[in-house]
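Some notes on the structure that comes next.
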Amino acid sequence: MDSGACFPRRARMAGQQAFANVFAQPAKSSDRYFTVLARANGLAYPRLGLAISRKVARSAVARNRIKRIVRESFRSQQSQLGGLDWVVMGRAGLTAQTNPVLFAALQRHWQRLAPPCAPS
RNA sequence: GGAACCGGCUGGACGGUCGCUGUAUCGCAUUGCGGUAUGGAGGAAAGUCCGGGCUCCACAGGACAGGGCGCCAGGUAACGCCUGGGCAGUGCAAACUGACGGAAAGCGCCACAGAAAACAAACCGCCUACGUUCCCGCUUGCGGGAGCCGGCAAGGGUGAAAAGGUGCGGUAAGAGCGCACCGCGCGGCUGGCAACAGACGCGGCACGGCAAGCCCCGCCCGGAGCAAGACCAAAUAGAGGAGCAUUCACGUGUGGUCCGCACGGCUCCUGGGUAGGUCGCUACAGGCGCUUGGCGACAAGCGUCGCAGAUGAAUGGCCGUCCUCGACAGAACCCGGCUUACAGGCCGGUUCCCACU
């Protein structure tokens, strides 16, 4: 399962320090739906952190949906994402969009910030 | 068949594929990977409005303060919930609604309008019997008129509310003044566990309303919450043990005041917080079925089932097929309620109307 599409526990960012590290000096990519931050984590695999605030998605159901979409996109693309920590933040209005639109938007963010030397 | 009321259930289905997570088991193995099997959001998971369990603070104690509840009986671990009953109101009805104890313990309030708003009152009005003054007539111990002194509360008008209502009698006019019925109060009686109801007798009728203003009466309530709390690796606070000192004052303690209770200073020894990890963390006032008791809420007995436990936070993505095209909405310690949101569908009971036999 080295280059597979699973999403194990180790691929989640844990702890305040991991987040603070990314927020300190991030590479940034944003559009009207998401702001994506990335920074090298010194590991051989990427990790994902989610920051979908109550302000962006008011109901718990809407928030869960966004998180699932981001995780799913990350899971399918993680072999391209190198040793970086990724923090995905939602922006107002994204809950009105359909799943295909959000998947396409995330796809663009991954490609923009992914290390060019990553194996394809 | 139509209209309506009440109660209960359900909350897209199937297949493929890629994932997440708990448990069991097997394998590999630097306690993490992989295989297999199996479980994985709701009726409201929501609001956090009540009631409990659980945890810590004295296993929670006394007095006051403060708060909650409030027809009666039952159910329950408990409740502000539920069931049954009473009373009142709405509806033809099934049904629904209800801050429903006390106003002859006390205080307070009753705006505007109105004459008068509480141990009542007379603005308009009605009357002139009794007593008395004057005038006129006269049959001179009489009659009429005007007034004074007065009488009355029927009618009008105001108001949320005006001192029982209707009818007959009665009277100068009136009036529970008298009587009948209704209402009200009191008394015992009957029925009911009770709230209460009923008939009977007595009383001519008083005790205006607001307690959702204070208050009185009865019952209940200590506080904080899983970031509770317990444990684990490094430095400071704090903790435990032993010895010495003080037992007055002062200070500290999980909600307010007082009491009570516990702790406090110095020396030595033991040992050692953190959203980092582990536990708490899901098996119970548990679900389902049957029997029995009960009008019912519910209880008892027997049988059977194992039914989410995440923690930067799982229960999903994509594709295909089908239908009546899918609402409100996502567990976070756990239960019992209440309230609020909700597309559609199904079932049962009851009432009214219409038609038919």
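Below, read A as the first sequence line, B as the second, and so on, with proteins coming before strands; counting in each chain starts at 1.
- What you find for A:Ala38 and A:Leu113 is that their closest heavy atoms are CB-CD1, 4.2 Å.
- Put simply, the side chain of A:Lys28 does not reach to within 4.5 Å of the side chain of A:Val36, judged on heavy atoms.
- Rounded to an integer number of Å, the gap from A:Arg63 CZ to B:G312 C1' is 13 Å.
- Under the Watson-Crick and G-U wobble criteria, each requiring two contacts below 3.5 Å, nucleotide B:U132 is paired to B:G147.
- Across all strands shown, B:C152 forms a Watson-Crick or G-U wobble pair, both distances under 3.5 Å, with B:G125.
- B:A327: no Watson-Crick or G-U partner with both key distances under 3.5 Å is found in any strand.
- Between B:A118 and B:C109, the two C1' atoms lie 13 Å apart (nearest whole Å).
- Of all nucleotides present, only B:U267 satisfies the Watson-Crick or G-U wobble test against B:A242, with each distance under 3.5 Å.
- As the counterpart of B:G84, B:C72 is assigned, both hydrogen-bonding distances of the Watson-Crick or G-U wobble pattern falling under 3.5 Å.
- Applying the salt bridge (charged side-chain N to carboxylate O under 4.0 Å, His left out) test to every pair with at least one member in residues 84-101 of chain A, sequence neighbours left out, gives these pairs: A:Arg47-A:Asp85.
- In B:A41 the O4'-C1'-N dihedral to the base is within 90° of 0, which defines a syn nucleotide.
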When you compare the protein's N or O atoms with those of nucleotides 314-318 of chain B, which come within less than 3.5 Å of each other, and at what distance?
from: B:A314; atom 1: OP1; to: A:Arg71; atom 2: NH2; distance (Å): 3.1
from: B:U315; atom 1: OP2; to: A:Arg68; atom 2: NE; distance (Å): 2.9
from: B:U315; atom 1: OP2; to: A:Arg68; atom 2: NH2; distance (Å): 3.1
from: B:C318; atom 1: OP1; to: A:Asn99; atom 2: ND2; distance (Å): 3.4

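- Taking 90° from 0 as the syn/anti boundary, the base of B:C305 is oriented anti.
- Glycosidic conformation at B:G43 (O4'-C1'-N9-C4 for purines, O4'-C1'-N1-C2 for pyrimidines): syn, within 90° of 0.
- For the segment residues 27-40 of chain A, no residue has any heavy atom less than 4.0 angstrom from an atom of RNA chain B.
- Annotation: B:C231 and B:A275 have their P atoms spaced 15 Å apart (nearest Å).
- With hydrogens and angles disregarded, no donor-acceptor distance shorter than 3.5 Å links the side chain of A:Asn64 to the backbone of A:Lys67.
- Taking 4.5 Å as the limit, every side-chain heavy atom of A:Arg39 sits out of range of all side-chain heavy atoms of A:Trp86.
- Remark on RNA chain B: of its neighbouring residues A:Ala60 and A:Leu50, the 5'-side contact belongs to A:Leu50, judged by nearest-heavy-atom nucleotide.
- The same atom, P, is picked in B:A153 and in B:G147; the two are 24 Å apart, to the nearest Å.
- Using modelled atom types, one side-chain atom of A:Ser76 and one backbone atom of A:Ser73 make a donor-acceptor pair closer than 3.5 Å.
- The heavy-atom pair separating A:Val56 from A:Gly90 by the smallest distance is CG2-O, 3.5 Å.
- Using Watson-Crick or G-U wobble geometry with both donor-acceptor distances under 3.5 Å, B:U304 finds its partner in B:G287.
- Across all strands shown, the partner of B:G178 is B:C168, judged by Watson-Crick or G-U wobble contacts whose two distances both fall under 3.5 Å.
- Between B:G70 and B:G52, the two C1' atoms lie 22 Å apart (nearest whole Å).
- Applying the salt bridge (charged side-chain N to carboxylate O under 4.0 Å, His left out) test to pairs two or more places apart or on separate chains, none has a residue in residues 94-107 of chain A.
- Under the Watson-Crick or G-U wobble criterion, with both distances below 3.5 Å, B:G191 is paired with B:C196.
- Nucleotides B:G183 and B:G89 are separated by 14 Å at their P atoms, to the nearest Å.
- Within the structure, salt bridge (charged side-chain N to carboxylate O under 4.0 Å, His left out) contacts touching residues 18-27 of chain A (residues at least two apart or in different chains) do not occur.
- A:Arg65 is linked by a side-chain contact (heavy atoms from CB on, under 4.5 Å) to A:Ile69, A:Asn99, A:Leu102, counting only residues two or more places apart in sequence or in another chain.
- To the nearest whole angstrom, the two C1' atoms, one in B:A13 and one in B:C302, are 39 Å apart.
- In this structure the side chain of A:Trp110 never reaches within 4.5 angstrom of the side chain of A:Ser29, judged on heavy atoms.
- Taking the C1' atom of each, B:G80 and B:G42 are spaced 26 Å apart, rounded to whole Å.
- Taking the P atom of each, B:A63 and B:C221 are spaced 13 Å apart, rounded to whole Å.
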